[in-house]
Amino acid sequence: MTKEKRYKLSLCGHKVLFSVILCLFGLSVLGQSHVTKKKERPKTDERIYLVHADRLRYDQYGKNPTAQVLNGNVEFKHKGARLLCDSAYFYQESNSLRAFSNVKMYQGDTLSLFSDYAYYDGNEQMAESRYNVILTHRQTKLYTDSLNYDRLYGIGYFFEGGKMIDKDNVLVSDWGEYDTETRQSVFYYDVNLKNPKYVMNTDTLYYDTNTSVAHVTGPSEIVSDDNIIHTIDGFYDTDNDRARLYRRSTIENNGKTITGDSLFYDETTGISEGFHNVVYIDMENKNQLNSEYLWYNEMNGAALATDSAVMREFSQGDTLYVHSDTMKVYTFNMNTDSVFRKVHCYNKVRAYRTDVQAVCDSLVYNSKDSCMTMYKDPITWSDNRQLLGEIIEVYMKDSTIDHAHVINQALSVEQIPRTGYFNQVSSRDMFGYFEGGEIHRTDAIGNVIAVYYIEEDKDSSYVNMVYIETDTMKMYMEDRQLQKIWASKNVGTMYPVTQVPPEKAKLPSFAWFDYVRPVDMADIFHWRGKKSGTELKNIQRHSAPLQYISSSGVVTGTDEDALIKELKAQSTEADGEQPLVNDEGDTSEAQEGNPTVAEGDNASLIEGDDASDTQSEGIIEAQSEGIIDTQSDDVQDVDGTDSTVVGNDNSIDTEDQQEEE
């Protein structure tokens with residue numbers, strides 16, 4: 001190696017060393033700039049005074065040549081504190097002492113410190129008590145074998161295990177401290193707090209004896225009669241049995257759990273509140289409720305969830321998700337064998353499960369009859385089928401759907417894949433019956449209109465369409481496929497699919513709401529309402545008119561003006577001033593022989609002796625036209641003869657075939 005290379009290497013090494021020194025110097029300066037000087041402990045020159053001792057001597061040749069050896073009823077005094085013991089070594093030069101046997105220190109009327117041995121430094125005002133130590137401050141007692149009591153700051157430290165008793169609370173830990181001025185204490189490592197109502201286990205506990213509030217940090221568990229609380233940061237009011245829990249805490253109660261970022265619990269009232277990402281789980285009933293806010297009362301079983309509320313039901317293996325703006329739960333007959341609950345979900349309800357989806361404005365579930373009722377434009381989907389009406393009732397049995405009822409303006413639509421055709425049924429009411437969770441029969445009742453496309457067995461093509469109008473229709477299903485249709489007193493027509501009139505291809509009430517349908521679990525949070533003009537129309541349903549009988553015996557409706565006139569007429573007649581006033585305003589006497597009214601649901605005004613003849617003629621005429629069916633089991637085909645339309649084989653059973661069957 002040449003001299004030039006050696007020089008370059010040496011120069012490079014010096015540069016690196018110089019850089020390292022500069023870095024270390026900078027770090028040291030930076031560290032010193034952030035070091036805060038500890039507050040110096042003030043010292044006192046006030047001396048310890050020996051008040052009394054039965055015997056005093058010096059042992060110049062013993063182990064403590066500088067100490068005064070004191071025996072018998074020894075008493076010292078220092079800065080307002082008294083120290084008593086059976087014997088002591090008093091070091092006057094260092095202003096300290098060692099006390100033995102029955103050591104007792106009193107500070108005012110509120111604090112006392114007992115032990116078997118103690119060392120006291122008068123300059124530092126520090127007492128080191130050992131063996132059977134008892135620190136008493138007002139109503140609080142601290143038991144330990146090793147305690148250092150700092151008189152200057154009023155803090156006692158124990159470090160070999162200790163127990164503190166405050167009212168009904170007993171706290172045990174490996175290490176801790178107690179502040180006599182603020183009356184606050186800190187306990188570390190294997191902390192256990194016992195109360196007649198609960199037991200608390202934690203890693204670190206801060207306890208305020210003024211307010212009896214315990215603050216736990218680290219993994220903690222609070223166990224009471226029926227509740228278990230898990231938290232890593234929580235406050236518990238031991239006097240009022242109230243808890244404030246943070247950092248993802250959990251409350252368990254009889255198989256039910258509430259977890260949230262922040263939880264508030266009042267054991268006296270049984271009310272719990274959760275904030276932010278709250279999860280309520282009921283393992284017994286296999287359901288779960290998630291929301292950003294949850295309120296629950298364990299006394300009456302009432303609950304309220306809002307802000308991204310989602311109810312999950314997982315009793316069937318596949319989970320059902322239901323979302324709405326607000327959810328409420330009511331419980332009836334608590335703590336009895338007849339307990340039942342009602343769940344109210346309202347405003348923008350959306351539900352999703354892989355095999356069924358639904359939307360509506362509001363929903364009520366009653367566990368008493370296992371009925372779920374959907375209100376205001378409810379729609380349900382299953383595979384390629386859609387069902388809607390004014391109200392939909394779904395009845396469950398063993399957590400499985402048993403039957404359903406669509407009330408008013410019922411419409412069932414099935415989309416036939418790859419064809420653009422729709423099987424449709426509309427009626428006043430519709431019933432669905434299920435076996436093993438699969439639909440096996442559907443009944444349509446009242447003003448039934450149906451459009452059904454017949455599938456060919458050979459090539460699975462659709463060549464004919466049947467249009468039926470009837471009063472009652474029953475559809476039988478197997479493996480979710482239509483097998484047979486039964487209709488009573490029907491009027492129907494079969495069309496080739498190429499010759500179907502446009503007005504017959506789709507029912508007047510036809511609507512396909514695939515754009516509203518939830519597509520997955522996350523989609524339940526995105527509300528999509530029906531397009532304007534496609535909502536169900538409010539149909540005015542006329543109730544039976546209220547009637548009243550006038551003083552003249554005439555039965556009329558409840559027209560307000562007529563009622564006022566009648567009341568006035570009755571008043572004047574009672575006074576003998578004017579005769580009755582009729583509906584036309586004429587003042588005529590009430591005539592005898594007024595018409596009578598036939599009682600019943602179809603009551604009408606019938607005059608004279610012609611009433612029975614009129615009714616008979618109406619029945620005969622209706623029967624002759626085929627409107628009234630006196631034999632409910634008769635079935636008519638498209639030509640008017642009795643038949644049953646079969647879906648799979650595309651055949652029509654004649655009357656003779658039915659008799660053979």
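- With rounding to the nearest 0.5 Å, the separation of CD in Glu160 from CG in Asp174 is 10.5 Å.
- Ser146 contributes no side-chain N or O that, together with a main-chain N or O of Phe159, makes up a donor-acceptor pair within less than 3.5 Å.
- In this structure, the side chains of Arg98 and Tyr91 come closer than 4.5 Å at one or more pairs of heavy atoms.
- Among Asn132, Val133, Leu135, the one residue that satisfies the side-chain contact (heavy atoms from CB on, under 4.5 Å) test with Ser115 is Val133.
- In this structure, a donor-acceptor pair under 3.5 Å is absent between the side chains of Arg47 and Asn123.
- Side-chain contact check for Trp381 versus Val516: some heavy-atom pair is nearer than 4.5 Å.
- No more than 12 heavy-atom neighbours from other residues, nucleotides or ligands sit within 6.0 angstrom of CG on Asp190.
- In the displayed structure, Tyr189 atom OH is contacted under 6.0 Å by at most 12 heavy atoms of other residues, nucleotides or ligands.
- For the 3.5 Å distance criterion, the side chains of Tyr293 and Glu273 qualify, holding a donor opposite an acceptor.
- Note on ring orientation: taking the six-membered ring where Trp is involved, the planes of Phe114 and Tyr106 are perpendicular (angle over 60°, cut-offs 30° and 60°).
- Residues Phe90 and Ser96 are not in side-chain contact: their nearest non-hydrogen atoms beyond the backbone lie 4.5 Å or more apart.
- We find the CG-CE distance between Leu363 and Met327 to be 8.5 Å, quoted to the nearest 0.5 Å.
- Between the side chain of Asn333 and the backbone N or O of Phe340, no donor-acceptor pair lies under 3.5 Å.
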Are Gln125 and Tyr120 close enough, and set up right, to give a side chain to side chain contact (heavy atoms under 4.5 Å, CB included), and what steps lead you there? CA-CA 7 Å; Gln125 299 187 63; Tyr120 182 72; 4.2 Å; yes

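- Without hydrogens or angle criteria, Arg183 side chain to Thr140 main chain gives no donor-acceptor distance under 3.5 Å.
- The side-chain hydrogen bond (donor to acceptor under 3.5 Å, both in side chains) test with Arg242 singles out one residue from Asp266, Asp237, Thr268, and that residue is Asp266.
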Take Asn210 and Thr182 through the side chain to side chain contact (heavy atoms under 4.5 Å, CB included) test and state the conclusion after the steps. CA-CA 8 Å; Asn210 281 315; Thr182 62; 5.8 Å; no

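- Among the candidates Thr259, Thr231, Asp233, the single residue satisfying the side-chain hydrogen bond (donor to acceptor under 3.5 Å, both in side chains) test with Ser249 is Thr231.
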Would Leu83 and Leu97 satisfy side chain to side chain contact (heavy atoms under 4.5 Å, CB included), going step by step from the backbone distance to the final call? CA-CA 10 Å; Leu83 189 146; Leu97 62 88; 4.2 Å; yes

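- Side chain of Asn95 to main chain of Ile48: a donor-acceptor pair is present (N/O by atom type, distance under 3.5 Å, no hydrogens or angles).
- Interatomic distance, Asn253 CG to Ser272 OG, rounded to the nearest 0.5 Å: 8.0 Å.
- Atom NZ of Lys376 has 12 or fewer heavy atoms from other residues, nucleotides or ligands within 6.0 Å.
- Between the side chain of His78 and the main chain of Asp121, no donor-acceptor pair closer than 3.5 Å is present.
- Ion pairing of Arg350 with Asp523 is present here, as a side-chain N (NZ or NE/NH1/NH2) and a carboxylate O approach within less than 4.0 Å.
- Using the six-membered ring where Trp is involved, Tyr296 and Tyr280 have ring planes that are tilted, between 30° and 60° apart.
- In summary, the aromatic rings of Tyr178 and Phe158 are positioned with their centroids too far apart to meet the 6.0 Å limit.
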Just do the side chain to side chain contact (heavy atoms under 4.5 Å, CB included) check on Asp377 and Lys530 with the steps written out, would you? CA-CA 9 Å; Asp377 280 341; Lys530 294 180 178 180; 3.4 Å; yes

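- Under the 3.5 Å distance criterion, the side-chain polar atoms of Glu393 are left unmatched by any main-chain donor or acceptor of Cys371.
- Residue Met164 is tested with Leu171, Thr144, Val170 for a side-chain contact (heavy atoms from CB on, under 4.5 Å); the sole match is Leu171.
- For the atom pair Thr202 OG1 and His215 NE2, the distance stands at 9.0 Å (nearest 0.5 Å).
- Centroid-to-centroid, the aromatic rings of Tyr198 and Tyr236 come within less than 6.0 Å.
- Residues Ser129 and Val103 form no side-chain contact, since every pair of their non-hydrogen atoms from C-beta on lies 4.5 Å or further apart.
- Between Asp239 and Lys167 there is a side-chain heavy-atom pair separated by less than 4.5 Å.
- Tyr157 and Trp175 have tilted rings, their planes meeting at an angle from 30° to 60° on a 0 to 90° scale.
- Between Val339 and Thr331, some side-chain heavy-atom pair lies under the 4.5 Å cut-off.
- For the pair Glu298 and Asp226, the minimum side-chain heavy-atom distance is 4.5 Å or more.
- No more than 12 heavy atoms of other residues, nucleotides or ligands sit less than 6.0 Å from atom NZ of Lys286.
- Arg517 contributes no side-chain N or O that, together with a main-chain N or O of Gln357, makes up a donor-acceptor pair within less than 3.5 Å.
- Taking the centre and axis of the six-membered ring of Tyr117, the NZ or CZ atom of Arg130 falls outside the cone set by 45° and 6.0 Å.
- No side-chain N or O of Thr238 forms a donor-acceptor pair with one of Asn195 less than 3.5 Å apart.
- Rounded to the nearest 0.5 angstrom, Ser112 OG and Lys104 NZ are separated by 9.5 Å.
- Atom OH of residue Tyr365 and atom NZ of residue Lys342 lie 12.5 Å apart, to the nearest 0.5 angstrom.
- Scanning both residues, Glu221 and His230, for their nearest heavy atoms gives OE2-CE1, 3.1 Å.
- Annotation: side chain of Glu267 is in contact with side chain of Ser224 (closest heavy-atom distance under 4.5 Å).
- With Asp261 contributing its side chain and Asn277 its backbone, the two residues share no donor-acceptor pair below 3.5 Å.
- Ring pair Tyr330/His344 is perpendicular by interplanar angle, where above 60° counts as perpendicular and below 30° as parallel.
- Using bins of under 30°, 30° to 60° and over 60° for the plane-to-plane angle, the ring pair Phe275/Phe264 lands in the perpendicular bin.
- Between Leu263 and Ile258, the shortest heavy-atom distance links the atoms CD1-O, 3.5 Å.
- The two residues Ala305 and Ser291 have their closest heavy-atom pair at CB-OG, 3.8 Å.
- Ser367 places a side-chain N or O within donor-acceptor distance of the main-chain N or O of Arg341, the cut-off being under 3.5 Å.
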